[in-house]
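Data first, discussion second: the structure below is written as structure tokens.
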Amino acid sequence: MSAAPLPADACDCHVHVVAPQADYPMLPERHYTPGPASVDALRTHMARLGLARAVIVQPSIYGTDNRLLIDSLAALNGAARGVAVLEAGVADGELGRLHDAGVRGLRVNLESTGDSAPDAVGRALSTWAGRLAGQGWHIQIYASLDAIAAAAPVLGRLAVPVVLDHFAMIPSRAPLDDPRVRRVLDLVGDGRAYVKLSASYRVCDDPDDAALAAGVAALARAIVRRNPERALWASDWPHTNREPGRRPTEVSAYRAVAAARLAGELDAWLPDAAQRRQVLAVNPAALYGFQA
């Protein structure tokens, strides 16, 4: 486990909850099928790492049906916030209901749906930014590095906070002077975007390989150095996966990611105590509106 204790109110900024399909049906046209990952299992995950708070993100398997998200937030009784997926024509009243339930962000997931063309991010942002401005919400984007870099001028002008999922999908082998990486770091440095330090297995071929893990750590530290007020940490629990050869409706096992590995990554990515508190506690409290 972590050699350094986590600060008070430490938050895991990206987790999912998955329920039995008899209770919360998944989309028939989904791209993969995970097994159950309950609120109780989430509490166990948080306790193992010493986390006090979590942000539950709507997974692609449920589309815009946010019922499980809302029920999970209620079960966690103030210890969690939510990021929803919504239809473009959602009524203002529904946005208000979600806000009251603890939702503080909208997820634009282009990577999972294979629609990560460079202009797709700009189209999605133009749909939502005006509606969410001033509401205490943010836009969370899961897209390819190419798409994010191409949309950087648009991202820099938005009137709502922007959160880039999973290292902004920067491959851990990418040099920091890559023009696409520089655009992401410039957004961070200017305070125009947050980056989630999360899911090393999505930007690295093998996080258990020491040399490759060192590359991820170097990327994480570079992001934090650029602007510690615009970095977040997340586990991506329960570590969804699409097993090769499985049909979309067949259950794919979760990735085996031990709590000890997550703790080791925390130590490597956030070795400075002050930065650790900033990233794990201060930034999430401000962005997600947790009560003091």
Side-chain angles (χ1 to χ4, degrees), residues 13-14 31 55 57-60 83-86 88 104-133 137-205 215-234 236 240 269 279 283-284 287-288:
C13 293
H14 194 115
H31 297 281
V55 177
V57 177
Q58 173 82 339
S60 63
V83 177
V85 175
L86 300 171
R104 294 296 183 271
L106 165 81
R107 191 185 199 199
V108 177
N109 185 343
L110 302 173
E111 185 72 8
S112 293
T113 60
D115 184 24
S116 209
D119 62 343
V121 175
R123 290 197 306 270
L125 294 176
S126 64
T127 300
W128 287 109
R131 291 196 68 185
L132 299 181
W137 283 36
H138 64 276
I139 297 176
Q140 177 178 315
I141 300 170
Y142 184 25
S144 69
L145 174 59
D146 285 339
I148 292 169
V154 178
L155 295 175
R157 295 193 298 267
L158 292 181
V160 296
V162 173
V163 176
L164 305 176
D165 268 352
H166 308 322
F167 286 95
M169 293 304 288
I170 299 171
S172 63
R173 294 179 182 272
L176 296 180
D177 61 356
D178 182 309
R180 301 167 303 167
V181 178
R182 288 205 308 268
R183 288 175 190 163
V184 172
L185 292 177
D186 286 346
L187 287 170
V188 171
D190 293 340
R192 306 305 301 177
Y194 293 81
V195 173
K196 284 187 183 177
L197 313 179
S198 61
S200 55
Y201 42 76
R202 301 195 188 280
V203 297
C204 171
D205 292 335
V216 179
L219 175 60
R221 292 195 294 266
I223 291 168
V224 175
R225 279 198 308 271
R226 193 60 179 267
N227 189 347
E229 295 182 0
R230 289 298 180 267
L232 304 163
W233 175 85
D236 197 33
T240 57
W269 299 355
V279 173
N283 294 347
L287 179 65
Y288 299 104

Salt-bridge present ([X], [Y]; N to O < 4.0 Å):
X      : Y      : answer
Asp236 : Lys196 : no
Arg180 : Asp146 : yes
Arg192 : Asp190 : no

I need the minimum non-hydrogen distance between [X] and [Y], along with the two atoms involved.
X      : Y      : result
Ile148 : Ala168 : CD1-O, 3.6 Å
Cys204 : Val216 : CB-CG2, 3.6 Å
Arg183 : Ala152 : CB-CB, 4.2 Å
Trp233 : Val279 : N-CG1, 3.7 Å
Asn227 : Val188 : ND2-O, 3.0 Å
Leu232 : Pro284 : CD2-N, 4.1 Å

Judged by atom type as modelled, is there a donor-acceptor pair below 3.5 Å linking the side chain of [X] to the main-chain atoms of [Y]?
X      : Y      : value
Ser172 : Gly215 : no
Asn283 : Ala231 : yes
Arg107 : Val83  : no

First locate atom [atom1] of [X], then atom [atom2] of [Y], and finally report the distance between them rounded to the nearest 0.5 Å.
X      : Y      : atom1 : atom2 : result
Leu187 : Arg182 : CG    : CZ    : 13.0 Å
Leu185 : Asp178 : CG    : CG    : 10.0 Å
Arg173 : Leu219 : CZ    : CG    : 13.5 Å
Tyr194 : Ile223 : OH    : CD1   : 14.5 Å
Asn109 : Asp165 : CG    : CG    : 7.5 Å

Per the side-chain contact (heavy atoms from CB on, under 4.5 Å) rule, which among Val160, Val163, Leu155, Leu164 passes with Ile139?
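Of Val160, Val163, Leu155, Leu164, side-chain contact (heavy atoms from CB on, under 4.5 Å) with Ile139 is met by Val160 alone.
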
Please find out if less than 6.0 Å separates the ring center of His138 from that of Tyr288.
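Distance test on ring centres: under 6.0 Å, yes.
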
I would like to know whether Tyr142 and Met169 meet side chain to side chain contact (heavy atoms under 4.5 Å, CB included); could you show each step before the answer?
CA-CA 8 Å; Tyr142 184 25; Met169 293 304 288; 3.6 Å; yes

Side chain to side chain contact (heavy atoms under 4.5 Å, CB included) between Val85 and Val108: does it pass, once the steps are laid out?
CA-CA 7 Å; Val85 175; Val108 177; over 6 Å; no

Do the non-hydrogen side-chain atoms of [X] and [Y] ever get within less than 4.5 Å of each other?
X      : Y      : value
Pro171 : Val203 : no
Trp269 : Ser200 : yes
Pro161 : Leu287 : yes

What is the ring orientation for His166 with His14, classed by angle as parallel under 30°, tilted 30 to 60°, or perpendicular over 60°?
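Answer is tilted, since the angle falls between 30° and 60°.
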
